[in-house]
Amino acid sequence: MLKIGLFTFGGGYAMIALLENEFVVKKKWLDSEEFMDMVAISESTPGPIAVNAATYIGYKTGKVFGSVVSTLGVCIPSFVIIYLISLFFNRFLEIEWVGKAFKGIQACVIFLILSAGIKMFVKLPKTPFNIILLSATVCCTVLFSLFAVDFSSVFYILISAVLGVAVYLVRFLSVKNKERDGKKKK
Amino acid sequence: MIYLKLFLTFLKIGLFTFGGGYGMISLIREECLSNCWLTESELLNFIAVAESTPGPIAVNMATFVGSAQGGFAGALVATAGVVLPSFVIILAIAAALKNILKFGGVKAALEGVRPAIVGLITATAVVMLLGTVFGIEKADGVFAFDYKSLIVLAVLALVFALYKRIRKKNISPVLLIILSGILGVILF
């Protein structure tokens, strides 16, 4: 697990292929169906995918102790590297050309975030519910930030979860009603 | 108590981050800016570092902010905070609640969250774009257009599109970061 933590550049999705190779092909700790389950669970629950995956695999192979060890394993390399960087980072930025380079890099990061958003949008099923919620979130966030209204992202997430459940319930009830109507007609 | 505050803030971030990596950017940005832990440009610098070093971005960000605010102990509590919610939730799912994700209500809630996450990421990028490149932070603020950043963006978009055309896959973010660094040295 330490090795996985050390070699996953650029976050979650990069490591999935690596994990599969390590645990399904080489070590045979999981079969590929279990592995797919794990990926689905890691993606749909909160938290970084790498951490979720580590905890899950750890539990499957070594129960609670295994999950503690593998979660620590996946976090320690990043922790050490970033801690060391954080000690020198500001001094590093004071070097003239480094500062300049980072001005360019800032634009790049915005580009990366934007393209991540677009990529996720392409994958998102284009149901009316998704489209409305998505555009409402974008509009509200941008406007609120421009007019300095304080409104936490947490609320968007909670509201959309509640809406998701509400739509589900409405659909569920209407299906039941239809069934009942069908029976009455007979 | 800075340690407690770091721990609780990152606990919240860990709990409300869906879909990995960029899903957490909007929440991190909000918390760091409102607590005055980082400025917008420090945040952007650091996202670049988190992206080009190994490990999950969430853990990298937590360690960095924690270390800047509270030294080694700060880094430790912030990282623990961001990891703990995932750890507990996954442990519960793996151990006992194997079928919770198949239950309609839970699934519906998670499906509902997805468009909001995509929206938040996109909106965060737009807000950062307005703030950094166009100099608009508030609706009544002054307008300070930064054409150099726009040039960098244009070049990146071009390279991104060309690479996709020719190699049929996405260019690695690390390569883009290096390229933009070089552009930065030339332009600024």
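Throughout, protein chains are lettered first and strands after them, A, B, ... in sequence-line order, and every chain is numbered starting at 1.
When side chains are defined from C-beta on, A:Val68 counts as touching B:Phe87, because their heavy atoms get closer than 4.5 Å.
Looking at B:Leu84, neither its backbone nor its side chain comes within 4.5 Å of chain A, counting heavy atoms on both sides.
Rounded to the nearest 0.5 Å, atoms OG1 (B:Thr63) and CZ (A:Phe79) are 5.5 Å apart. With values rounded to the nearest 0.5 angstrom, B:Thr79 atom OG1 is found 11.5 Å from A:Leu72 atom CG.
Between A:Thr55 and B:Leu91, the closest heavy-atom pair is CG2-N, 4.2 Å. For the pair A:Ile82 and B:Phe46, the tightest heavy-atom approach, listed with the atom from each and the gap, is CG2-CZ, 3.9 Å.
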